[in-house]
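Structure record follows, encoded as structure tokens.
By convention here, the first residue in the shown sequence is residue 1.
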Amino acid sequence: MARQIPPGTSESHGDTHTLRFAVPLSHPEERVWLALTTPGGLRGWLAEPEVLQSRLGGEVVLRRPTTRPPDEVSGTVTAWDVERVVEYTVEGYGRARFHLEPGGPEATVLRFVNEFRGTEDLRLERLADWHDHFLYLADFLDGRPADWASWSPERRQDLRDRYEARDFDAT
């Protein structure tokens, strides 16, 4: 995972947090869309889809491979604009919106927003989680799907600590 991505930002109002990432990807929008909306795509960087109904109002059940043992979360597709916007609202994780924009020839900018309720510690955890997953997404699009067996909680903790310290000179 040598790729770098810009750190996410966040704002909080009480216990409601909004995270934002702008992730430049050197792949066409159609390819990024498939990574965000198909079982094979999600499996390569985010989670194992147990159920994925790719349409507005569709059911979503994801098995998270980075928890021991893996846990399942369920939700609904709450926005669907083919090849442009997909949004999943998942129990315990809030609303996660992925918006694709052209980033140049054969490039895409993924604009991501996650809104959820929780503690300050959870806000830092989620920033680190999404940052880590976007690194996996970039690798997946480059032909290197996530090897969840080698996932390390230490790497995620390092990202969390960097968000807390606001130290992203080398990310």
Side-chain angles (χ1 to χ4, degrees), residues 1-13 16-49 51-62 64-66 73 75-90 93-116 123-148 155-156 159 162-163 166-171:
M1 259 194 219
R3 181 179 300 264
Q4 297 180 11
I5 66 164
T9 63
S10 66
E11 59 186 62
S12 300
H13 300 282
T16 300
H17 308 286
T18 303
L19 312 182
R20 288 185 171 76
F21 284 82
V23 183
L25 299 164
S26 57
H27 297 277
E29 292 173 72
E30 299 82 17
R31 183 150 182 218
V32 178
W33 177 256
L34 293 174
L36 301 175
T37 61
T38 65
L42 290 173
R43 184 177 302 115
W45 70 279
L46 181 64
E48 180 70 38
V51 176
L52 179 59
Q53 296 175 333
S54 300
R55 59 176 168 74
L56 185 60
E59 181 183 2
V60 178
V61 179
L62 303 173
R64 296 184 50 228
T66 56
V73 295
T76 306
V77 176
T78 49
W80 186 270
D81 182 1
V82 175
E83 294 188 10
R84 185 154 185 216
V85 175
V86 63
E87 178 181 281
Y88 302 109
T89 300
V90 179
Y93 289 85
R95 182 178 71 93
R97 185 178 187 87
F98 302 86
H99 182 171
L100 302 183
E101 297 178 356
E106 299 296 309
T108 303
V109 175
L110 167 59
R111 299 209 181 273
F112 173 79
V113 177
N114 180 210
E115 294 177 349
F116 62 95
R123 180 189 69 83
L124 293 169
E125 292 291 327
R126 293 281 170 81
L127 280 164
D129 285 348
W130 283 112
H131 192 120
D132 198 29
H133 279 296
F134 292 136
L135 290 167
Y136 278 117
L137 173 61
D139 281 351
F140 172 69
L141 291 167
D142 287 343
R144 295 180 307 276
D147 176 10
W148 298 117
R155 186 175 92 187
R156 186 75 53 86
L159 279 167
R162 291 171 73 190
Y163 273 102
R166 299 177 189 187
D167 175 21
F168 277 91
D169 294 334
T171 302

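With contacts defined as side-chain heavy-atom distances shorter than 4.5 Å, the pair P28/P105 does not qualify. Put simply, the side chain of L25 reaches to within 4.5 Å of the side chain of L141, judged on heavy atoms. L100 has its side chain within reach of L110: a pair of non-hydrogen atoms, C-beta onward, lies under 4.5 Å apart. By the 4.5 Å heavy-atom criterion applied to side chains, R97 and V85 are counted as neighbours. Taking the side chain as every heavy atom from C-beta outward, S54 and W80 approach each other to under 4.5 Å.
In the model, H17 has no side-chain atom that pairs as donor or acceptor with a side-chain atom of S10 under 3.5 Å. A donor and an acceptor atom, one from each side chain of T78 and E87, are located under 3.5 Å apart.
Between E115 and the options R123, R126, R95, a salt bridge (charged side-chain N to carboxylate O under 4.0 Å, His left out) holds for only R95.
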> Given the rule in the side chain to side chain contact (heavy atoms under 4.5 Å, CB included) test, do V113 and F21 qualify, once you have shown the distances and angles that lead to the verdict?
Replying inline: CA-CA 7 Å; V113 177; F21 284 82; over 6 Å; no
>> Go through it in stages, so that I can follow the logic: the residues are E29 and E83, the test is side chain to side chain contact (heavy atoms under 4.5 Å, CB included), and I'd like the CA-CA distance, side-chain angles, deciding distance and then a yes or no.
In response: CA-CA 7 Å; E29 292 173 72; E83 294 188 10; 6.0 Å; no
> Could you go step by step and tell me if Y88 and T76 meet the side chain to side chain contact (heavy atoms under 4.5 Å, CB included) rule?
Replying inline: CA-CA 6 Å; Y88 302 109; T76 306; over 6 Å; no
> What do the steps show when you test V51 against V60 for side chain to side chain contact (heavy atoms under 4.5 Å, CB included), and what is the final call?
Replying inline: CA-CA 5 Å; V51 176; V60 178; over 6 Å; no
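In this structure, F98 and F112 have tilted ring planes: the angle between them lies in the 30° to 60° band.
Expressed to the nearest 0.5 Å, how far CG of D129 lies from OH of Y163 amounts to 10.5 Å. Note that CG of N114 and OG1 of T18 are 8.5 Å apart. Values are rounded to the nearest 0.5 Å. Atom CD of E125 and atom CG of L159 lie 10.5 Å apart (nearest 0.5 Å). Here the straight-line distance linking atom CZ of R55 with atom CG of L52 works out to 10.5 Å at 0.5 Å rounding. Atom-to-atom distance recorded for L137:CG and D132:CG is 12.0 Å, nearest 0.5 angstrom. Put simply, CG on L42 and OG1 on T37 are 7.5 Å apart, with the number rounded to the nearest 0.5 Å.
Closest of all the heavy-atom pairs between A47 and P65 is CA-CD, 3.8 Å. Across all non-hydrogen atoms, the minimal contact from L127 to G8 is CD2-C, 4.1 Å. Pairing each heavy atom of S26 with each of D142, the nearest pair is OG-OD1, 4.4 Å. Nearest heavy-atom pair across P6 and H131 is O-CE1, 4.1 Å.
In this structure, the ring of W130 has its center no less than 6.0 angstrom from the ring center of Y136. Aromatic rings of Y93 and F116 (six-membered ring for Trp) have centroids beyond the 6.0 Å cut-off, not under it.
Take R31 and apply the side-chain hydrogen bond (donor to acceptor under 3.5 Å, both in side chains) test, not counting sequence neighbours, and it matches H27. Residues satisfying the side-chain hydrogen bond (donor to acceptor under 3.5 Å, both in side chains) criterion with R43, sequence neighbours excluded, are E48.
Distance alone, capped at 3.5 Å, places no donor-acceptor pair between the W45 side chain and the F134 backbone. The backbone N or O of D167 sits less than 3.5 Å from a side-chain atom of R162, completing a donor-acceptor pair.
The existence of a salt bridge linking R20 and E11 is confirmed by a sub-4.0 Å separation between a basic side-chain nitrogen and an acidic carboxylate oxygen.
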